[in-house]
Amino acid sequence: MIRINLLPIREAERALGRRRQLSLAVLSLVVVLLMLALPYSFQARKLAQLDAEIESLRRKIARLDQQTKEVKDLEQKRAELQAKLRVIDELKQRRSGPAQVLSDLADATPEKLWLTEFTEAGGAASIQGLAMDNQTIAEFMRRLQQSPYFFEVDLVETAQTMIQPSSGVGSGGPSFKKFIVKAQVDYLGQDGKRQPAPVPGEKKP
């Protein structure tokens, strides 16, 4: 009778089973780790992309801020130049203004009206003269008001006067209307309506 010892075979089978279980456990652990690592890697890649986009947007914002600052500086410089040009224009007009004022005063004088005195101080003018009648004085004031160099024309005084002959012969000379007219003078020719200078950097409506 032959006896066979099966104990080593059973031990080997049990050992093989343990190795298989261990391999399955390790494989399961690897699969779990891979399942955990893949989302983390995907999220890390997305975060890196978002960080790059944020940095790009920050650079663009910095460029736009610089451009906005440059535009504001240019607008301020343009406003300053325009203000200087206005001052130069006013100086030129003031230089030629008195001649234009006297020219318009002469043009506004009717045939039957004579100016005897013209004074001006601080833009306030006083005009004195003689006229044949009140209608001639009214015509003179109407013409003067039409000039861009005169405004707020107002009749202050009118009185009947008689001019004595230079020879002294006779009872008296012709009768005239003596008048005094007050007016404001604008040497810029803007009829007293100066435009206010814009504030630098302020946009027009």
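All values below come from the heavy atoms of this structure, side chains included, with hydrogens, waters and symmetry mates left out. The structure displayed is predicted, hence computed values, not measured ones.
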> If we ignore angles and hydrogens, is there a donor and acceptor under 3.5 Å between the side chains of Thr68 and Asp65?
Replying inline: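 There is no such pair (donor and acceptor under 3.5 Å, judged by atom type) between the side chains of Thr68 and Asp65.
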> Tell me the side chain to side chain donor-acceptor pair (under 3.5 Å) pairs involving residues 115-127, sequence neighbours left out?
Replying inline: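 Found Glu120-Tyr187, Ser126-Lys182.
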> Could you give all pairs that pass the side chain to side chain donor-acceptor pair (under 3.5 Å) test and reach residues 50-63, with sequence neighbours left out?
Replying inline: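 Matches after skipping sequence neighbours: none remain.
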> If you group Ile, Leu, Val, Met, Phe, Trp and Tyr by side-chain heavy-atom gaps below 4.5 Å, do Ile180 and Phe151 land in one group?
Replying inline: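 No.
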> Can Leu155 be reached from Val153 by stepping across I, L, V, M, F, W or Y side chains whose heavy atoms are under 4.5 Å apart?
Replying inline: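 Same hydrophobic cluster.
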To the closest 0.5 Å, what do you measure between [atom1] ([X]) and [atom2] ([Y])?
X	Y	atom1	atom2	answer
Asn134	Phe179	CG	CZ	11.0 Å
Gln146	Arg143	CD	CZ	8.5 Å
Lys112	Glu139	NZ	CD	12.0 Å

Which donor-acceptor pairs under 3.5 Å do the side chains of residues 104-111 make with protein atoms, sequence neighbours left out?
unit_1	atom_1	unit_2	atom_2	d
Asp104	OD2	Ser147	OG	2.5
Thr109	OG1	Leu105	O	2.8

Looking only at non-hydrogen atoms, find the nearest pair between [X] and [Y] and report the distance.
X	Y	answer
Met141	Val181	CG-CG2, 4.2 Å
Thr161	Lys178	CG2-CB, 3.8 Å
Ile137	Lys177	CD1-CB, 3.9 Å
Phe140	Leu113	CB-CD1, 3.6 Å

> Can you pull the ring pair (Phe, Tyr, Trp, His ring centres under 6.0 Å) pairs that have at least one residue in residues 110-132, sequence neighbours excluded?
Replying inline: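 Passing the test, one end in residues 110-132: Trp114-Phe176.
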> Can you list every ring pair (Phe, Tyr, Trp, His ring centres under 6.0 Å) pair that touches residues 43-67, not counting sequence neighbours?
Replying inline: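 Ring pair (Phe, Tyr, Trp, His ring centres under 6.0 Å) check on residues 43-67 returns no pairs.
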> Should Lys77 and Asp73 be marked as a salt bridge (charged side-chain N to carboxylate O under 4.0 Å, His left out) after you check the CA-CA gap, both sets of side-chain angles, and the distance that decides it?
Replying inline: CA-CA 6 Å; Lys77 290 179 180 178; Asp73 291 342; over 6 Å; no
>> Who clusters with Leu57? Use side-chain heavy atoms, under 4.5 angstrom, across I, L, V, M, F, W and Y, and order the result by chain and number.
In response: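 Grouped by the 4.5 Å side-chain rule, Leu57 forms a cluster of one, so the answer is none.
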